[in-house]
Amino acid sequence: MATNLDSPKENAAEWSQHEHVSSQVQLEAEKLVELVGTPELAKQAISVVEQTLQVTQADSSLASSLARSRQAAAETSAAFLKSLSDLETTLATPVMSGELADWLTNTLRDCERVKSMLVGEVREIHTALFSSILRENVNLSAQVEKLRAEDLRILHSECTEVLATLTHIQSEARLASKDEAKLSEAIASVSQKAIGFVVAARGQETAISTWLSEAFNRDLGSGD
C-alpha cells in the first residue's frame, strides 16, 4: 500500500479543492486524514455520517452535541475502514517458507480487530444511521431491512467463518510442523474468502452512505 507523505492538513486541503465541503467538514477532514493516513478513507468515512445530523442555529448546545456525535461517528467509520485495509494488506502478503505461523498470527489479529469493531462501535453507528434513513424517508424501510440483513450476513456468515477457518488452520499448522506445503490449498481458500469479506464490508459502508444520501435528497412520497 502506498504511503502518503503529505501532512494531514495538506491532504485535506487538496481534497477540499475538488469537493464542496463546509468549513466544519474541512476541520473534520484534517483530523480524519491524520487518523487513517489517506484522504480517500477519510472522505468515505465522512460521507457515511455527513448528512445524518442536520442542526439549526436556534439551539447552539444541541448543535455542539450533534457535531461531537458526528465527529465521533466519522472517526469510528474511518478507523473501521482502516482496519479493513490493514487486513487486506496482511492477506496480500505472500506466505514465505517458514513464515506461515507469523502470517496466521497477523491475519488472525487483524481479522479479530475487524470483528470487534463490527460487534461494537460499527453496529451502534449503523443502527443510528438506519434510524436516520427511516426518519427522513419511511419509504426506504425495505432498503433499510436489506442493509440490516447484510450487516448480520457479513458478521456471522463471513467474518466469523473466516476467523474459525483461520483458527483451525493455525492448529493444523502446529501439528504439521515444518510441512507447510500441506496447508497451501487451505491458505489460498481462506485468503480468497477473507478478501471477499473485506470487499463486502467495505461495500456495505458505501451502500449505507448511498441510501443515507438518498433519504435526505429524495422527495417524500416518490417511493422506491
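Side-chain atoms are counted along with the backbone in the values below, which use heavy atoms only and exclude waters and symmetry mates.
To the nearest 0.5 Å, atom CD of residue Glu112 and atom OG1 of residue Thr107 are 10.5 Å apart. The CG atom of Leu129 lies 10.0 Å from the CG atom of Leu147; values are rounded to the nearest 0.5 Å. Within the model, atoms OG of Ser77 and CD of Glu121 stand 11.5 Å from one another, a figure rounded to the nearest 0.5 Å. The distance from atom CD1 of Ile125 to atom CD1 of Ile208, rounded to the nearest 0.5 Å, is 10.0 Å. Atom CD1 of residue Ile169 and atom CD1 of residue Ile187 lie 4.5 Å apart, to the nearest 0.5 angstrom.
You'll find the side chain of Thr105 reaches within 4.5 Å of the side chain of Gln170, heavy atoms only. By the 4.5 Å heavy-atom criterion applied to side chains, Val198 and Arg202 are counted as neighbours. You'll find the side chain of Val162 stays beyond 4.5 Å of the side chain of Lys115, heavy atoms only. No side-chain heavy atom of Lys193 sits under 4.5 Å from any side-chain heavy atom of Thr165.
Between the side chains of Ser132 and Arg135, at least one donor-acceptor pair of N or O atoms lies under 3.5 Å.
Taking each heavy atom of Ala194 and Leu91 in turn, the nearest pair found is CB-CD1, 3.5 Å. When all heavy atoms of Trp103 and Thr93 are compared, the pair lying nearest together is NE1-O, 3.2 Å. Considering every non-hydrogen atom in both Cys111 and Leu166, the closest pair reads CB-CD1, 4.5 Å. Contact between Leu134 and Ser141 at its shortest, heavy atoms only, is CD2-CA, 3.5 Å.
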I'd like to know whether Glu205 forms a side-chain contact (heavy atoms from CB on, under 4.5 Å) with Val122, so could you lay out the CA-CA distance, the side-chain angles of the two residues, the decisive distance to 0.1 Å, and finally the verdict.
CA-CA 10 Å; Glu205 296 302 297; Val122 171; 4.3 Å; yes

Residue pair Asp110, Thr90: steps toward the side chain to side chain donor-acceptor pair (under 3.5 Å) verdict:
CA-CA 8 Å; Asp110 290 346; Thr90 301; 2.5 Å; yes

Report the C-alpha separation of Val95 and Leu104 in whole Å, then their side-chain angles, then the decisive distance to 0.1 Å, and conclude whether the side-chain contact (heavy atoms from CB on, under 4.5 Å) test is met.
CA-CA 9 Å; Val95 183; Leu104 286 167; over 6 Å; no

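Side-chain atoms of Ser85 do not come within 3.5 Å of backbone N or O of Leu81 as any donor-acceptor pair. Using a distance-only test at 3.5 Å, with no hydrogens or angles considered, no donor-acceptor pair links the side chain of Ser213 to the main chain of Ser209.
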Identify all side-chain donor-acceptor contacts of residues 148-158 below 3.5 Å with residues at least two apart in sequence or on another chain.
unit_1, atom_1, unit_2, atom_2, d
Arg148, NH1, Glu145, OE2, 2.7
Glu150, OE1, Arg153, NE, 2.9
Glu150, OE2, Arg153, NH2, 2.9
Asp151, OD1, His126, ND1, 3.1
Asp151, OD1, Gln204, NE2, 2.7
Asp151, OD2, His126, ND1, 2.8
Arg153, NH1, Glu158, OE2, 2.5
Arg153, NH2, Glu158, OE2, 3.1
Glu158, OE1, Phe197, N, 3.3

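Note on residues 91-109: no pairs pass salt bridge (Lys or Arg N to Asp or Glu O under 4.0 Å), not counting sequence neighbours.
Not counting sequence neighbours, Gln192 has no partner by the side-chain contact (heavy atoms from CB on, under 4.5 Å) test. Listed by chain and number, the residues in a side-chain contact (heavy atoms from CB on, under 4.5 Å) with Ser83 are Phe80, Arg113, Val114, Met117 (sequence neighbours excluded).
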